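Numbering of ligands and ligand atoms starts at 1, following listing order. Please read these numbers as outputs of a predicted model, since none were measured by experiment. All values below were derived from every heavy atom in this structure, side-chain atoms included, with hydrogens, water molecules and symmetry-related copies excluded.
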Amino acid sequence: MRKNIVAGNWKMNNTLQEGIVLARELQKTLEEKTLKCEVVICVPFIHLASVVAEVKTVIVGAENLADKSSGAYTGEVSAAMIASTGAKYVIVGHSERRTYYGETNAVLKEKVLLALANGLIPIFCVGEVLAEREANKQKDVVSTQISESLFDLPTEDFRKIVLAYEPVWAIGTGKTATSEQAQEIHAFIRKTIAERYGSAVADSISILYGGSCNAGNAGELFAKPDVDGGLIGGASLSVDKFLPIVEAF
Ligand code: 13P
């Protein structure tokens, strides 16, 4: 059966010292709990090694990776470098990367290959912008994002991936998708995967919801049959806000 996962995405927040304090506090809180999901925190590159050293109950991921394996790419961080810190996950294709840094489905395909080749699990993000939702194009958008970046993978690689549906209009806006809207797209994503890789693979893939997920709505979202957890931005920046989401399972 597929895993339930609650993953934090710190984005560009926290100094190194603040990040260490937050990771330490989260570890201390979660080690006393019986968890019904895997807990992941995706943190800025500069935090990775230090945060890995602070946590046991929590798994660490990066927020991005380079689309090249090594060499003269000033300022970039490779999959091998991320893996060498002890991180296990990496977010690929977050809408902020697609929008502000021009990451295309083709570039993201390269990033997924490099992540997998270095033993990292991609958390691959998809989702429509508001204008696409208003034009009822959300299914076309997510199926194109998934098929262009992922559907050339062989089955044994594809089944390692975690997907995250993050409607862009819900990110950081306080405007969460309803649990019915999330379920509809998650079920559609699973059906799209089933058509390419078969239903056994589709049923084994965790699909997370992201976009203004918080203590008040996580329980209802996670209760939906195709919502296997969340990718949490703002509410992952404090233990008080993150813990009730983790405990929503
Ligand atoms: P918020 O939870 O702050 O809306 O961010 C969601 C997100 O982008 C997680 O990757």
For ligand 1, which atoms sit closer than 4.0 Å to a heavy atom of [X]?
{"X": "Gly234", "answer": "1 (P), 2 (O), 3 (O)"}
{"X": "Lys11", "answer": "5 (O), 6 (C), 7 (C), 8 (O)"}
{"X": "His94", "answer": "7 (C), 8 (O), 9 (C), 10 (O)"}
{"X": "Gly211", "answer": "4 (O), 6 (C)"}
{"X": "Glu166", "answer": "6 (C), 7 (C), 8 (O), 9 (C), 10 (O)"}

Answer side chain, backbone, both or neither: which part of Ile171 comes under 4.0 Å from ligand 1, heavy atoms only.
both

Any heavy atom of Gly210 closer to ligand 1 than 4.0 angstrom?
no

Answer yes when Lys224 and Glu180 have at least one side-chain N-carboxylate O distance shorter than 4.0 Å, and no when they do not.
yes

So, Thr57 versus Gln27: side-chain donor-acceptor pair below 3.5 Å or not?
yes

Apply the test side chain to side chain donor-acceptor pair (under 3.5 Å) to residues Glu63 and Tyr89: give CA-CA distance (whole Å), side-chain angles for both, the deciding distance (0.1 Å), then the verdict.
CA-CA 9 Å; Glu63 300 176 10; Tyr89 282 90; over 6 Å; no

Which heavy atom in Ala218 sits nearest to a heavy atom in Ala248, and how many Å separate them?
CB-CB, 3.8 Å

Can you see which heavy atom on Leu208 is nearest to which on Ala7, and at what distance?
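Closest heavy-atom pair between Leu208 and Ala7: CD1-CB, 4.4 Å.
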
Determine the interplanar angle of the Tyr197 and Phe158 rings, folded into 0 to 90°, and report it as parallel if under 30°, tilted if 30 to 60°, perpendicular if over 60°.
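The rings of Tyr197 and Phe158 lie parallel, inter-plane angle below 30°.
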
What is the ring orientation for Phe249 with Phe222, classed by angle as parallel under 30°, tilted 30 to 60°, or perpendicular over 60°?
parallel

Say whether Asn9, considering both its backbone and side-chain N or O atoms, lies within less than 3.5 Å of an N or O atom on ligand 1.
yes

Would Gly172 count as being in polar contact with ligand 1, using the rule that some N or O on each side must be under 3.5 angstrom apart?
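Yes.
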
Which protein non-hydrogen atom lies closest to atom 2 (O) of ligand 1, naming both residue and atom, and how far is it?
Gly233 N, 2.9 Å

